[in-house]
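Note that the structure is predicted; figures quoted are calculated from it, not measured.
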Amino acid sequence: MSALHLDVFNAVVVTGGVTAASRQLHLSQPAVSRRLADLERVLGFDLFLRDGKRLIITPEGKAFHEELSISYLGLEHLTKVALDIRELRRGHLRFVCMPAMSFGPVPKGLAAFSARHPDIHVTHETHSAARIEDALTSNLFDVGIGMAPRDMAGLVSEGRFAFSCVCVMRPDHPLATQETVTATDICREAVVGINPDTEIGSQLRRLFESLPHSVSLRIETQTSIAACGLVEAGAGVAVVDPFTAAHLGRGGGLVSRRFSPIIPFDIHILRPERRVPSRAAQALIAELAAAMTSEEEASS
């Protein structure tokens, strides 16, 4: 019993006869009749009674067709599922990034992806760069945004994008009159530091230790968001990532200036090495890369 046998039987029932079924299936009438007879022989019972040129479905044939119709509904559902997957109309993605990347190009990329693929559900979490690496290598997320990984084992980078940290201060701060703030400049100021366990914090710690004058680290915090809040409250100046600075500066309580020497803030789009990326994941990566490239070009 083949799929063609079943298609012939269904077509005869639905169209009401061999002639109409043969036209629907693009088969000759003898071919349709032959396959019906073959199917009855395999099943061991009659599907139709022959009354001259008329075919009258038997109770057994009707019962069999009812079950066949259920199977066809299942196949139609599978066909729709396959089409939805192909056209990115269903699915779930797990995405993770650092808190600093909750501003700027990442939200733009996520928004563009969601607008283009509204039926794909995205779970978005924020974690530290180190936690992101561990989570991706453990296959807990499909796509992530992080700093340059300490170890690329288990990870694939889908793109690196170069940015630089900035110095933030209140608009009425004396350093706000300068286009560029140097490390020597902030030696004379109260500084809100970033924890050296973070990438930005470790770079700043090495820089401060290399200066001939000590830096007055009044407060040390974990994130750029917290540092900006402290700066706005008058706790000093801080060197933070450019996206947090730009977003929080919109309220007028902060301004940002170039910082010298450059403190790199290089971003990678990452995915697990041991998982084949889905079509949805590939589409998300493309949207994120486009947004990051646009931001990178604007900042250069």
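With sequence neighbours excluded, the residues forming a side-chain contact (heavy atoms from CB on, under 4.5 Å) with Arg23 are Thr19, Ala20, listed by chain and number. Partners of Glu232 under the salt bridge (Lys or Arg N to Asp or Glu O under 4.0 Å) rule, at least two apart in sequence or in another chain, do not exist in this structure. Looking at residues two or more places apart in sequence or on another chain, you find a side chain to side chain donor-acceptor pair (under 3.5 Å) between Thr182 and Asp185. Under the rule for a ring-ring contact (aromatic ring centres under 6.0 Å, His included), the partners of His247 that lie at least two apart in sequence or sit in another chain are Phe103.
Every pair passing side-chain hydrogen bond (donor to acceptor under 3.5 Å, both in side chains) that includes a residue from residues 38-50 is listed here, sequence neighbours excluded: Asp38-Arg41, Glu40-Arg50. Residue pairs satisfying the salt bridge (charged side-chain N to carboxylate O under 4.0 Å, His left out) criterion with at least one member in residues 196-208, sequence neighbours excluded, are listed as follows: Arg205-Glu220. Listed by first and then second residue, the ring-ring contact (aromatic ring centres under 6.0 Å, His included) pairs involving residues 202-244 are Phe163-Phe243 (not counting sequence neighbours). Residue pairs meeting the ring-ring contact (aromatic ring centres under 6.0 Å, His included) criterion with at least one partner in residues 40-60, sequence neighbours excluded, are Phe9-Phe48. The ring-ring contact (aromatic ring centres under 6.0 Å, His included) contacts involving residues 171-206 comprise nothing, where partners must be two or more places apart or lie in separate chains.
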Identify each donor-acceptor pair in which a side-chain atom of residues 222-231 lies under 3.5 Å from a protein atom, sequence neighbours left out, and give them as a table.
from   : atom 1 : to     : atom 2 : distance (Å)
Gln222 : OE1    : Asn195 : ND2    : 3.3
Thr223 : OG1    : Ala226 : N      : 3.1
Ser224 : OG     : Asp241 : N      : 3.3
Ser224 : OG     : Asp241 : OD2    : 2.9

What pairs of donor and acceptor atoms, side-chain ones from residues 248-262 against any protein atom, are under 3.5 angstrom apart with sequence neighbours left out?
from   : atom 1 : to     : atom 2 : distance (Å)
Arg257 : NE     : Ala176 : O      : 3.0
Arg257 : NE     : Gln178 : O      : 3.0
Arg257 : NH2    : Ala176 : O      : 2.8

Donor-acceptor pairs are to be reported for all side-chain atoms of residues 290-297 against protein atoms at under 3.5 Å, with residues two or more places apart or in another chain.
from   : atom 1 : to     : atom 2 : distance (Å)
Thr293 : OG1    : Ala289 : O      : 2.8
Glu296 : OE2    : Ala162 : N      : 2.7

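Under a cut-off of 6.0 angstrom, the local environment of CZ in Arg275 is crowded, with over 12 non-hydrogen atoms contributed by other residues, nucleotides or ligands.
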